[in-house]
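Values in this document were obtained by computation on a predicted structure and should not be read as measured data.
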Amino acid sequence: MDAIDRSILRELQCDGRLTNQELAQRVGLTPSPCLRRVRQLEESGVILGYRAVLDPAAVGRGFEVLVSIEVRRDRSAVEEFEAALRDIPDVLEAYRLFGSPGCLLRIAVADITAYERLWIERLTTLPGVTEVNSQIVMKRIKEPGGLPVER
């Protein structure tokens, strides 16, 4: 990957809707080689996809919670827990961690009532769960953005 590829990645992370013409101009290429490079970055798995970034409140998901979960430390419990977790659309992100807690989730729901229902009906009933702790997000200070790509 050279400097032009890294420049393409930076530009697309800022605005994935750039036309090939606009992207080519920003990175100093003509459109044909720019498109070839983008396709190569996609085919090689460097670019995993494109998506729209939504306003959580506008789609009824303005209440965010960070949840730490302890799961029994045996292989089958962890595998069952992770499989069940994938089926909960309110869970935006999930990370298995070293140490304690064993898992960290980012959840978005409509309000505290919706979170309480999720907590009671789903989170505490997941396979292998021994403890659930919740931290309500007061304010997002830094939005998730693209990955830093060196120049």
Item to complete: Sort out for me which residue in I4, V38, V46 forms a side-chain contact (heavy atoms from CB on, under 4.5 Å) with L9.
Response: V46
Worksheet item: Do L105 and I69 have side-chain heavy atoms sitting under 4.5 Å apart?
Response: yes
Worksheet item: L97 and F81: same hydrophobic cluster, using ILVMFWY side-chain contacts below 4.5 Å?
Response: no
Worksheet item: Is there side-chain contact between I107 and V109, with at least one heavy-atom pair below 4.5 Å?
Response: yes
Worksheet item: Is there a side-chain contact (heavy atoms from CB on, under 4.5 Å) between N133 and V67 once you walk through the steps?
Response: CA-CA 6 Å; N133 292 299; V67 180; over 6 Å; no
Fill in: Exercise: identify the closest heavy-atom pair between D5 and M1
CB-CG, 3.3 Å
Practice prompt. For R75, look at atom CZ and say whether over 12 heavy atoms of other residues, nucleotides or ligands are found less than 6.0 Å away.
Written response: no
Worksheet, complete the sentence: Taken to the nearest 0.5 Å, the spacing of R26 CZ from C14 SG works out to 8.0 Å
Practice prompt. Could you tell me whether R6 atom CZ has more than 12 heavy atoms of other residues or ligands within 6.0 Å of it?
Written response: yes
Discussion item. Could you tell me if Y115 and E64 have a donor-acceptor pair between their side chains, going purely by distance under 3.5 Å?
Written reply: no
Fill in: Shortest non-hydrogen contact from A77 toward G128
CB-CA, 4.3 Å
Practice prompt. Please lay out, stage by stage, how E11 and V27 fare under the test side-chain contact (heavy atoms from CB on, under 4.5 Å).
Written response: CA-CA 8 Å; E11 292 294 336; V27 300; 4.1 Å; yes
Discussion item. Using 0.5 Å steps for rounding, measure from the SG atom of C34 to the CD1 atom of I8.
Written reply: 4.5 Å
Worksheet item: Is there a chain of hydrophobic side chains (I, L, V, M, F, W, Y, each step under 4.5 Å between heavy atoms) that links V149 to L41?
Response: yes
Worksheet item: Does a side-chain heavy-atom distance below 4.5 Å link V91 with L118?
Response: no
Discussion item. Taking atom CD as the centre, does E42 end up with more than 12 heavy-atom neighbours from other residues, nucleotides or ligands that are less than 6.0 angstrom away?
Written reply: yes
Fill in: Test item: Q135 and V65 side chains (from C-beta on) under 4.5 Å apart, heavy atoms
no
Fill in: Note, V78 side chain near R73 side chain (heavy atom, < 4.5 Å)
no
Discussion item. Any heavy-atom pair between the side chains of I136 and I112 that's under 4.5 Å?
Written reply: yes
Response to the item:
Interatomic distance, CG@L29 vs OG@S7, rounded to 0.5 Å, equals 8.5 Å
Worksheet item: Given side chains that start at C-beta, do those of L123 and V129 come closer than 4.5 Å, heavy atoms only?
Response: no
Practice prompt. With side-chain contact (heavy atoms from CB on, under 4.5 Å) as the test, would you mind laying out the steps for L12 and Y50 before giving the verdict?
Written response: CA-CA 9 Å; L12 287 176; Y50 302 89; 4.0 Å; yes
Worksheet item: Any idea which heavy atoms bring L66 and R106 closest together, and the distance?
Response: CD2-CG, 3.9 Å
Worksheet item: Does the T124 side chain pair with the main chain of I120, one donor and one acceptor, at a distance under 3.5 Å?
Response: yes
Item to complete: Could you tell me whether the side chain of L147 reaches within less than 4.5 Å of the side chain of Q13, counting heavy atoms only?
Response: yes
Worksheet, complete the sentence: Here the gap from E43 atom CD to Q40 atom CD, rounded to the nearest 0.5 Å, amounts to 6.0 Å
Practice prompt. Please answer whether the main-chain N or O of C103 pairs with a side-chain N or O of R96 as donor and acceptor at a distance below 3.5 Å.
Written response: no
Fill in: Worked verdict on R17 versus D15 for salt bridge (charged side-chain N to carboxylate O under 4.0 Å, His left out)
CA-CA 5 Å; R17 294 191 70 185; D15 185 355; over 6 Å; no
Item to complete: Measure the CD-OG1 distance between Q21 and T30 for me, rounded to the nearest 0.5 Å.
Response: 9.5 Å
Discussion item. As an exercise, state the distance from CG of L18 to CD of Q25, rounded to the nearest 0.5 Å.
Written reply: 10.5 Å
Discussion item. Treating R36 as the side-chain partner and P31 as the backbone partner, does any N or O pair qualify as donor plus acceptor under 3.5 Å?
Written reply: no
Discussion item. Using the rule that Ile, Leu, Val, Met, Phe, Trp and Tyr join whenever any side-chain heavy atoms are under 4.5 Å apart, tell me whether V132 and I88 fall into a single cluster.
Written reply: yes
Item to complete: Sequence neighbours left out, what pairs pass salt bridge (charged side-chain N to carboxylate O under 4.0 Å, His left out) with at least one residue falling in residues 109-131?
Response: none
Item to complete: Start with the C-alpha distance between E82 and R86, add both sets of side-chain angles, then the distance that settles side-chain contact (heavy atoms from CB on, under 4.5 Å), and finish with yes or no.
Response: CA-CA 6 Å; E82 289 178 359; R86 287 185 194 97; 4.2 Å; yes
